[in-house]
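Just below is one structure, and these are the notes that go with it.
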Amino acid sequence: MKAERMEQLQRYYLLWRESNAVYEEWAKEQGLSLNGLLILYSLYEGQEGCTQKQICRQWLIPKQTVSAALKDFEAGGYIELAPAAADKRSKQIYLTPNGKRYAGEIMSRLHGLELYVMDQMGPEKIKSMNDGLALFIELFRKGGAEEDV
């Protein structure tokens, strides 16, 4: 029984890495790194702007990595920075009109591909996949909080 569980754990790790790899490959086809894609996603979804700190927290990307990507986006004319209302030391990051078009094209392609995959899998498998992952996360947190593993 333990061997079967370990085999499934190894399969989980493999699928986790493979999931990241397919997004990384797709991002490269768009001329982006995976982190660049995730940052662009945050900027696109955050219509009222967001801060570098929010992006770092959302995707668990180091500040230096986010900063470098933002400099590239700024140099390309895709973003603009303004002082944040709550904390003048922070900058609120907004997509420029050109950035909105650029991000919109990429996000449209990404969401189109993701929705195609979901349609091919069907709603029951998607729900089961999401429910299973949510339960894994919940139990992982609970197990880690209750005992030393």
Side-chain angles (χ1 to χ4, degrees), residues 5-144:
R5 287 186 4 234
M6 286 306 294
E7 187 177 310
Q8 287 303 314
L9 182 60
Q10 293 305 315
R11 182 172 183 231
Y12 169 75
Y13 289 140
L14 174 68
L15 293 170
W16 180 14
R17 288 188 307 267
E18 199 61 29
S19 174
N20 285 315
V22 297
Y23 275 91
E24 189 167 354
E25 289 166 14
W26 190 88
K28 283 183 182 175
E29 290 171 7
Q30 312 311 305
L32 294 165
S33 66
L34 176 58
N35 288 331
L37 177 65
L38 298 175
I39 292 164
L40 194 63
Y41 181 89
S42 290
L43 295 170
Y44 184 73
E45 294 297 315
Q47 295 296 321
E48 60 279 340
C50 60
T51 66
Q52 180 175 329
K53 189 174 186 176
Q54 289 169 326
I55 294 169
C56 291
R57 248 189 268 128
Q58 181 180 9
W59 297 110
L60 305 174
I61 301 173
K63 183 178 177 182
Q64 298 85 346
T65 303
V66 173
S67 180
L70 291 174
K71 283 181 180 160
D72 289 345
F73 287 144
E74 188 174 26
Y78 297 130
I79 64 168
E80 56 191 11
L81 307 172
D87 180 0
K88 299 295 182 194
R89 295 171 298 162
S90 283
K91 299 285 186 198
Q92 198 73 6
I93 308 157
Y94 299 95
L95 288 171
T96 62
N98 191 34
K100 287 179 183 177
R101 278 190 299 281
Y102 173 69
E105 291 170 7
I106 290 176
M107 291 306 128
S108 178
R109 287 194 296 269
L110 178 60
H111 291 155
L113 177 55
E114 291 168 328
L115 292 172
Y116 164 80
V117 170
M118 292 177 83
D119 288 345
Q120 296 303 302
M121 289 180 69
E124 288 179 21
K125 285 185 181 173
I126 291 295
K127 184 177 181 334
S128 177
M129 178 183 73
N130 287 334
D131 289 347
L133 187 55
L135 180 59
F136 184 95
I137 293 165
E138 176 186 335
L139 294 173
F140 190 95
R141 283 188 173 134
K142 182 180 177 185

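In this view, Tyr78 and Tyr102 satisfy the ring-ring contact (aromatic ring centres under 6.0 Å, His included) rule, not counting sequence neighbours. Annotation: side-chain contact (heavy atoms from CB on, under 4.5 Å) contacts of Arg5 (sequence neighbours excluded): none. With sequence neighbours left out, Ser128 forms a side-chain contact (heavy atoms from CB on, under 4.5 Å) with no residue at all. Under the ring-ring contact (aromatic ring centres under 6.0 Å, His included) criterion, Tyr23 pairs with no residue, sequence neighbours left out. For Met107, the side-chain contact (heavy atoms from CB on, under 4.5 Å) criterion is met by Leu37, Leu40, Tyr41, Tyr44, Leu110, His111, not counting sequence neighbours. Remark: Asp131 pairs with Lys127 by the salt bridge (Lys or Arg N to Asp or Glu O under 4.0 Å) rule, at least two apart or across chains. Partners of Ser33 under the side-chain contact (heavy atoms from CB on, under 4.5 Å) rule, at least two apart in sequence or in another chain, are Asn35. Partners of Gln30 according to the side-chain hydrogen bond (donor to acceptor under 3.5 Å, both in side chains) rule, which considers only residues two or more places apart in sequence or in another chain, are Arg109. Listed by chain and number, the residues in a side-chain hydrogen bond (donor to acceptor under 3.5 Å, both in side chains) with Glu24 amount to none (sequence neighbours excluded).
When all heavy atoms of Gln58 and Ser42 are compared, the pair lying nearest together is OE1-OG, 2.5 Å. Closest approach of Gly76 to Asn98, counting heavy atoms only: O-ND2, 4.1 Å. Across all their heavy atoms, Gly36 and Phe73 have their closest contact at O-CZ, 3.6 Å. The minimum heavy-atom distance linking Thr51 with Gln92 is given by the pair CG2-OE1, 3.4 Å.
The list of side chain to side chain donor-acceptor pair (under 3.5 Å) pairs with a residue in residues 65-77, not counting sequence neighbours, is empty. Within the structure, the salt bridge (charged side-chain N to carboxylate O under 4.0 Å, His left out) test picks out no pair touching residues 53-65 (sequence neighbours left out).
Atoms CG and CD1, on Leu43 and Ile79 in that order, are 6.5 Å from each other to the nearest 0.5 Å. To the nearest 0.5 Å, the span separating CD1 on Ile55 from CD1 on Ile93 amounts to 4.5 Å. Taking CG of Leu81 as the start and CD of Gln52 as the end, the distance is 9.0 Å to the nearest 0.5 Å. Atom CD1 of Ile39 and atom SG of Cys56 lie 7.5 Å apart (nearest 0.5 Å). The CG atom of Leu9 sits 5.0 Å away from atom CE of Met6, with the distance rounded to the nearest 0.5 Å.
In this structure, Gln8 places its CD atom where more than 12 heavy-atom neighbours from other residues, nucleotides or ligands lie under 6.0 Å away. Residue Met129 places its CE atom among more than 12 non-hydrogen atoms of other residues, nucleotides or ligands, all under 6.0 Å distant.
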